[in-house]
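Here is the structure we will look at, set down as structure tokens.
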Amino acid sequence: MNNKIFFSTLGAVAAVATPALAQNNSSENQRPNIIYIMCDDMGYGDLGCYGQQLIATPNIDRMAADGMRFTQAYCGSPVSAPSRATFMTGQHSGHTHVRGNKEYWRNSMQVFPEYNGLSDYAIVGQEPYSADHVIIPEIFKDNGYNTGMFGKWAGGYEGSHSLPHLRGIDEYYGYVCQFQAHLYYPNFLHEYSKSAGDTETHRVTLEQNIQHAMYGDDYMNRAQYSADLIHQKALSWLDKQSADTPFLGIFTYTLPHAELIQPDDEILQAYKDKFCECEEKSFGGDRGSWYNPTPIAHAQFAGMITRLDQQVGEVLTKLEEKGLAENTVVIFTSDNGPHEEGGADPNFFNRDGLLRGTKRSTTEGGIRVPFIVRWPAKIAPGQVSDHQCAFYDMMATFCDIAGIENYVERYTNKNLTVDYFDGISIYPTLTGEGVQECHDALYWEFHETDMIGVRKGDWKLVVKNGNCQLYDLATDLHEDTDLASKYPEIVDELKAIIHREHTTPAISNFNLTIPN
């Protein structure tokens with residue numbers, strides 16, 4: 001199919017956001033609202049505005065055209081839970097408590113009767129955020145914001161001290177456990193609604209889903225698609241917001257994370273016709289990881305990104321309809337680089353080979369992510385920034401946007417010897433107001449692959465199993481030519497940053513090899 005015709009046809013389905021028609025009814029003195037949309041495992045090149053040629057993303061592309069697109073923005077870690085932790089805590093992964101995907105469901109007994117005899121886990125979730133360090137929704141709740149979160153939590157297990165209702169969230173719906181998020185048609189989700197009188201985050205059984213198997217042909221008879229359920233809850237919460245009280249929405253949508261499964265509607269049908277038989281990829285499934293099989297993995301992946309794009313468009317449209325768009329900062333990004341799980345094939349979709357590596361790697365492909373900010377009141381259309389920033393800058397940025405002063409002094413835990421806040425606000429870059437401070441260096445570490453990354457200017461150090469490789473990103477963005485032997489003094493300088501920034505993790509599971 002001709003690409004131009006295809007994108008025009010699919011764009012009619014996917015493009016739902018419309019220009020602002022409603023008057024902005026918020027007071028000039030009203031503090032800005034913030035919506036942070038973090039999708040799951042989308043690569044740097046998976047959007048049209050970042051060069052993607054095979055997938056239609058008209059709404060996110062329009063968001064970039066209306067605002068500011070970053071070309072050198074980074075996640076906090078090359079995998080889900082610690083990357084989200086850096087966002088929530090304003091700490092990089094050498095300081096955060098959560099530095100990996102420690103799973104609590106592995107040691108819990110499977111339970112059967114609750115879900116029509118289907119096997120599931122008695123306790124689900126991951127390592128909790130530290131109770132000793134503040135997270136973003138707690139700060140904003142403390143400063144008069146309504147707070148809602150919809151999607152993946154990944155900051156605690158059932159019964160732990162760190163669940164949405166205990167960490168500053170008014171309304172929550174989604175996956176407490178990221179392993180459960182491997183299924184798009186799960187047995188249950190989690191919910192907490194302060195307005196409905198809930199006292200804790202609790203399971204919500206998806207009654208239609210549990211009438212069918214969790215794996216195999218019968219699985220596709222399940223009809224309660226979690227990505228749609230979560231999005232509708234987010235829209236419902238957004239519909240209740242007004243100009244009277246500022247709000248913070250954290251939409252941690254799970255698309256396009258594996259498994260590669262979605263409703264067989266017009267979006268998927270369009271991609272079924274897009275890829276010829278010789279291009280399409282069949283995936284046989286992975287029962288242990290809860291990834292169901294699909295004979296059309298490429299069509300599924302592309303459709304999931306377009307479905308996500310449609311959801312972003314509906315968020316933007318809702319803001320326009322309510323007259324809240326002008327005073328609302330909307331950020332779109334991804335939690336880490338692209339995955340190769342469940343049949344996904346990032347090499348197929350990112351044929352330009354711009355970045356090396358994928359999820360779980362501290363090479364650019366694993367940590368450089370799409371990052372788009374739309375704020376009509378402050379950001380002129382069509383801006384592109386090469387400012388280097390990371391997820392742990394968001395706490396400082398959000399506080400500047402909201403006018404929350406001295407957040408470090410106010411929220412530092414005085415009972416700790418050191419309470420780290422690593423972020424630098426990107427507010428000056430967004431608004432052109434003030435002078436933008438820059439990081440001396442950006443830092444990442446990830447124990448499962450025993451990798452560390454340090455970026456200082458254009459120099460990039462990649463450490464694997466304690467072995468150092470040095471790259472000049474100004475001339476070698478793909479990180480092909482190791483310059484470590486040519487510039488040993490630069491290697492030593494960046495190694496010194498590792499020794500300065502890495503702290504011993506409280507959880508033994510998160511240890512890695514530090515270079516001498």
Exercise. Does a donor on one side chain and an acceptor on the other come within less than 3.5 Å for Ser80 and Gln178?
Worked result: yes
For this session: Look up atom SG in Cys39 and atom CG in Asn336, then write down how far apart they are to the nearest 0.5 Å.
Result: 9.0 Å
Problem set entry | Lys/Arg cation over aromatic Phe348: Arg351, 6.0 Å, 45° cone | yes
Donor-acceptor contacts, no H, no angles, side chain residues 382-389, under 3.5 Å, sequence neighbours left out:
residue, atom, partner, partner atom, Å
Gln383, NE2, Pro381, O, 3.4
Ser385, OG, His387, N, 3.1
Gln388, NE2, Gly457, O, 3.3

Exercise. Who passes ring pair (Phe, Tyr, Trp, His ring centres under 6.0 Å) against Phe332, sequence neighbours left out?
Worked result: none
Exercise. Would you call Lys486 and Asp472 a salt bridge, using N to O less than 4.0 angstrom?
Worked result: no
For this session: For Glu409, look at atom CD and say whether over 12 heavy atoms of other residues, nucleotides or ligands are found less than 6.0 Å away.
Result: yes
For this session: Name the orientation class of the two ring planes belonging to His182 and Phe179 (parallel below 30°, tilted from 30 to 60°, perpendicular beyond 60°).
Result: tilted
Problem set entry | Donor-acceptor pair between His298 and Glu279 side chains, under 3.5 angstrom | no
Seminar exercise, completed: Tested for ring-ring contact (aromatic ring centres under 6.0 Å, His included) against Tyr36, the lone hit among Phe87, Phe140, Phe150 is Phe87
Exercise. More than 12 heavy atoms of other residues, nucleotides or ligands under 6.0 Å from CG of Asn516: is that the case?
Worked result: no
Exercise. Under 6.0 Å between ring centres, would you say that holds for Tyr392 and His439?
Worked result: yes
For this session: Compute the ring centroids of His478 and Tyr471, then answer whether they are less than 6.0 Å apart.
Result: no
Exercise. So do Leu461 and Trp459 actually touch side chain to side chain, heavy atoms under 4.5 Å?
Worked result: no
